[in-house]
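In what follows, a single structure is set out as structure tokens and then discussed.
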Amino acid sequence: MEAFRGIKLLEMLDRIMTTISFHTVLNFPAFLNKTWCRTRSNPSSTAVQLSSIFIQTDETRNPPDSKKIMGSVAAVVRCQAPNSLLTQENTVGILGGVSVFSTLIFLEKLVWWSSRHGEDCIPFVVCSDPTINREFSPPISSPFFLKEKNALFPLNHGPIVEKLRCKRAFLEQSGARCIVMPCHLSHAWHSEVSEGCPLPFLHVGECVARELKAAKLRPLEAGSNVRIGVLGIHESLMAGFYREKLESQGLEVVLPDMATMEHIVIPAIEALGRKDMEGARNLMRIAVNVLLVRAVNVVVLASDEMQGLLSRDDPLSKKCINPMDALARSTLSWAKSIQNLQT
């Protein structure tokens with residue numbers, strides 16, 4: 001499944017890069033983590049150099065269409081002035097997280113949703129560092145990560161935060177006027193990464209909570225509050241910022257119990273890792289139903305791995321929310337509000 005998703009996303013990136021020439025798409029290699037934070041000199045020339053290595057990531061080794069895509073990226077570099085930065089006031093800085101695929105999916109949403117009515121796509125700059133995954137012990141791809149309670153919050157998460165803060169500073173210097181981070185795991189350190197940031201730094205949990213509050217949902221049981229289910233691969237993430245942000249809007253949060261996590265959710269992700277799509281999908285449907293029978297109005301799928309498991313024509317998918325959709329909508333709302341102020 002990952003290989004298939006990779007090919008489709010690379011094809012999508014090629015379409016984006018061949019039609020949008022004024023955006024800057026950057027891969028943030030490991031060697032820049034320290035030098036950029038230390039010097040921050042001549043960011044415009046650095047941006048042009050980085051654009052040419054966008055697809056050089058650990059997650060996309062030897063992609064079948066890499067030559068074609070590199071040609072598209074090179075075309076973007078040629079269109080940019082040697083010392084120019086994005087200067088539009090509604091420029092969005094996209095801080096990539098653990099998975100480059102999740103970043104590309106979010107990028108696709110921004111591109112198509114902002115231009116589907118014939119309007120110009122919003123300007124953006126992307127910075128992605130796939131080496132962040134290496135900072136997790138055990139690695140996120142390991143089955144031990146799913147079962148280790150403290151895996152999400154390693155004792156020494158300083159290097160992860162430092163990398164994210166350096167990338168954030170890079171985006172600021174590159175002309176971003178708003179920062180978004182389309183990664184559930186990275187949001188575990190949102191407060192630390194955003195500390196001291198002079199720009200709006202959107203939080204996916206706040207975006208979801210605001211949309212659900214605005215939807216004016218009604219309780220499914222008399223005398224109770226509106227209940228929102230949260231389903232993810234790690235209870236620390238679900239019980240953390242999602243609960244905080246949802247409860248701040250007066251919404252009651254319902255989490256899966258330990259038995260559901262151990263016997264349904266984790267096996268579903270493990271099945272996905274084995275490319276057993278049918279098994280993963282069946283277990284995911286059970287997990288969603290477990291929350292629905294507890295009278296939740298909707299279920300927030302707080303994990304990139306869970307997205308797309310349920311088909312669009314599955315009735316259960318209409319009861320589920322992809323938080324990154326809410327983040328994308330909030331991002332576009334911000335960009336258009338700034339654009340309207342300029343006209």
Side-chain angles (χ1 to χ4, degrees), residues 105-106 109 113 146 149 152 182 184-185 187-188 190 202-269 271-272 277-333:
I105 292 172
F106 183 81
K109 296 180 194 296
W113 291 0
L146 300 175
K149 281 182 173 292
L152 179 60
H184 289 99
L185 289 176
H187 270 79
H190 183 279
L202 303 188
H203 190 294
V204 65
E206 292 177 352
C207 296
V208 171
R210 281 197 301 267
E211 284 197 358
L212 290 174
K213 182 68 175 180
K216 297 182 179 180
L217 302 173
R218 296 183 179 182
L220 299 182
E221 290 184 347
S224 67
N225 296 324
V226 172
R227 294 173 181 165
I228 305 299
V230 180
L231 191 61
I233 64 173
H234 204 287
E235 59 183 320
S236 298
L237 181 63
M238 294 184 294
F241 64 80
Y242 272 110
R243 165 172 276 174
E244 175 190 349
K245 302 303 182 183
L246 291 168
E247 289 182 346
S248 70
Q249 295 291 340
L251 303 168
E252 182 180 341
V253 176
V254 178
L255 304 177
D257 57 25
M258 185 176 298
T260 301
M261 290 296 298
E262 292 182 356
H263 301 297
I264 302 176
V265 177
I266 292 178
I269 302 303
L272 185 61
M277 294 302 299
E278 184 175 356
R281 185 175 296 111
N282 290 336
L283 288 169
M284 185 57 57
R285 298 184 83 257
I286 295 173
V288 172
N289 273 309
V290 167
L291 291 176
L292 291 177
V293 297
R294 296 171 65 182
V296 302
N297 292 69
V298 294
V299 176
V300 177
L301 298 181
S303 170
D304 293 326
E305 290 77 7
M306 294 179 177
Q307 310 305 329
L309 268 181
L310 300 178
S311 61
R312 293 185 177 181
D313 58 354
D314 189 324
L316 285 180
S317 66
K318 296 177 175 59
K319 290 288 186 178
C320 298
I321 293 177
N322 181 350
M324 294 307 158
D325 288 352
L327 181 62
R329 284 189 288 267
S330 294
T331 302
L332 292 176
S333 178

[atom1]-[atom2] distance between [X] and [Y], expressed to the nearest 0.5 angstrom:
| X | Y | atom1 | atom2 | answer |
| --- | --- | --- | --- | --- |
| Phe106 | Leu327 | CZ | CG | 4.0 Å |
| Asn289 | Thr260 | CG | OG1 | 11.5 Å |
| Ile228 | Asn297 | CD1 | CG | 5.5 Å |
| Leu212 | Leu217 | CG | CG | 6.0 Å |
| Ile286 | His263 | CD1 | NE2 | 12.5 Å |
| Cys320 | Leu292 | SG | CG | 7.0 Å |

Please tell me whether His190 and Phe241 form a close aromatic pair, meaning their ring centres lie under 6.0 Å apart. no

Is there a side-chain contact between [X] and [Y] (heavy atoms, below 4.5 Å)?
| X | Y | value |
| --- | --- | --- |
| Val296 | Lys319 | no |
| Val290 | Pro256 | no |
| Arg329 | Cys207 | no |
| Leu255 | Arg243 | yes |
| Lys245 | Val204 | no |

Walk me through whether Met284 and Leu231 qualify under side-chain contact (heavy atoms from CB on, under 4.5 Å). CA-CA 10 Å; Met284 185 57 57; Leu231 191 61; 3.8 Å; yes

Any idea which heavy atoms bring [X] and [Y] closest together, and the distance?
| X | Y | answer |
| --- | --- | --- |
| Gly232 | Ser303 | CA-CB, 4.2 Å |
| Leu272 | Met277 | CD1-SD, 3.5 Å |
| Pro323 | Val300 | CG-CG1, 3.5 Å |
| Ala268 | Ala280 | O-CB, 3.4 Å |
| Ser311 | Ser317 | O-OG, 3.2 Å |

Taking everything shown except Lys318 itself, do over 12 heavy atoms lie less than 6.0 Å from its NZ?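 Yes, enclosed.
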
I'd like to know if the side chain of [X] reaches the main chain of [Y], judged simply by a donor and an acceptor atom lying under 3.5 Å from each other, with no hydrogens or angles considered.
| X | Y | answer |
| --- | --- | --- |
| Arg227 | Arg294 | yes |
| Gln249 | Ala214 | no |
| Arg281 | Leu309 | yes |
| Ser330 | Ala326 | yes |

Set out, in order, the CA-CA distance, both residues' side-chain angles and the distance that settles side-chain contact (heavy atoms from CB on, under 4.5 Å) for Leu316 and Val299, then state yes or no. CA-CA 9 Å; Leu316 285 180; Val299 176; over 6 Å; no

Hey, mind stepping through Tyr242 and His187 against side-chain contact (heavy atoms from CB on, under 4.5 Å) and telling me if it holds? CA-CA 10 Å; Tyr242 272 110; His187 270 79; over 6 Å; no

Check the pair Met324, Ile105 against side-chain contact (heavy atoms from CB on, under 4.5 Å), reporting the backbone distance first and the verdict last. CA-CA 9 Å; Met324 294 307 158; Ile105 292 172; over 6 Å; no

